[in-house]
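To start, the structure itself, in structure tokens.
All values derive from a computational prediction rather than experimental measurement. Residue numbers count from 1 along this sequence. Remember, it's 1-based here, ligands and their atoms both numbered in the order they're listed.
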Amino acid sequence: MSFKNFILGLIATFGLPWLLLIVVPFAKMRNIEPVFFDETKDGLTGVYTPERAGRIANGSEVYGANGCYVCHSQVIRPTYAGSEIWRDDWAGQKKDADDKDTRRISNVWDYNGEPIAHIGLTRVGPDLSNAGYRLEKKAAQFGMTAEEYVYTRLLTPRSFVGNHWSTCPSQPQLFSKPDAYAQEKAYIVKSDEGEKGKEKSYVPGKSAKALASYLLSLKKDDPIPDSMNYRRVKTAAN
Ligand code: HEC
């Protein structure tokens, strides 16, 4: 093999994938222009700004640092790449008759304010794009506040009825044992290790609070411009 062919081979093997997988997508993502609402179609004016309430930036960091993205995706794929847009509680809200149909495909603005877009590596667990809704509903079902439910879930995912086979790992590093002088609220959590049914109280640390706030913010229900055409059912934005 001549030296020239060797260099050409190197470029073809590493240069081309680098160009197509990194440089081109990066350039495309950088070029995102603001999207405007159309008054006649959307009934709204101005620039589309994604709305989410919660500790997005720090929560997203905790989510990344604890490897949640390894098992959980956060992307509703376009119809050419998957069929989750039809899934009532993944792609948005549609399950109950009183829910507004918010099902839609993910877009780049969905990760606004997050240091990394956690689209995820695998789908061992459910997609969390709209987890906020599901967590609130589950919490109500168990008669808990949303935060209380998320803390218990994070510490003992198997402690809930119907969830005894969960493989979502417990995150004890985010909690501490209550100390006598602690000012924070302790949560009573049914422990599933050791003695069966034994109740223990734990105090969620700063990271647990940020993560819970982040998880509860995961709702893709804000009005998006008609021009983006990502909605399952195209209705006026408001
Ligand atoms: C080893 C894979 C794995 C990892 C890592 C993992 N999970 Fe899970 N997770 C699962 C599985 C499987 C389920 C479904 C069973 C259940 O509901 O517990 C689940 C369910 C959940 C749910 C409930 C989703 C719903 O739709 O009701 C939440 C919330 C959640 N995980 C959060 C997390 C967070 C936060 C982390 C990181 C701290 C994490 N998971 C890490 C596997 C994983």
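Looking from atom 5 (C) of ligand 1 to the surrounding protein, the closest heavy atom is C71 SG, 3.5 Å.
Between K138 and ligand 1, no pair of N/O atoms sits closer than 3.5 Å. Distances between N or O atoms of D127 and those of ligand 1 include no value under 3.5 Å. Considering both main-chain and side-chain atoms, N163 comes within under 3.5 Å of ligand 1 through a nitrogen or oxygen pair. For ligand 1, the polar-atom distance check finds an N/O of R134 within less than 3.5 Å of one of the ligand's N/O atoms. Considering backbone and side-chain atoms together, Y63 places no N or O closer than 3.5 Å to any N or O of ligand 1.
Under a hydrophobic-cluster definition in which Ile, Leu, Val, Met, Phe, Trp and Tyr are linked whenever side-chain heavy atoms come within less than 4.5 Å, directly or via other members, Y133 and L154 are assigned to different clusters.
No more than 12 heavy-atom neighbours from other residues, nucleotides or ligands sit within 6.0 angstrom of CD1 on I116.
Of all the heavy atoms of C68, the ones lying under 4.0 Å from any atom of ligand 1 are found in both the backbone and the side chain. The part of L135 lying near ligand 1 is the side chain, judged by heavy-atom distances below 4.0 Å. Within the 4.0 Å heavy-atom criterion, the part of R153 lying near ligand 1 is the side chain and not the backbone. In T167, the parts holding a heavy atom less than 4.0 Å from any atom of ligand 1 are both the side chain and the backbone.
Against a heavy-atom cut-off of under 4.0 Å, Q171 is close to the following atoms of ligand 1: 37 (C), 38 (C). For ligand 1, the atoms closer than 4.0 angstrom to any heavy atom of V124 are 12 (C).
A centroid separation of 6.0 Å or more is found between the aromatic rings of Y151 and Y202. Aromatic ring centres of Y63 and Y69 lie farther apart than the 6.0 Å criterion allows.
Nearest-residue assignment for atom 42 (C) of ligand 1 (options A212, C168, A208; heavy-atom criterion): C168.
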Do Y214 and N58 pass the side chain to side chain donor-acceptor pair (under 3.5 Å) test, and can you show the C-alpha distance, the side-chain angles, and the key distance before you say yes or no? CA-CA 8 Å; Y214 172 74; N58 353 20; over 6 Å; no
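A salt bridge links E114 with R52: the closest approach of a Lys/Arg side-chain nitrogen to an acidic carboxylate oxygen falls below 4.0 angstrom.
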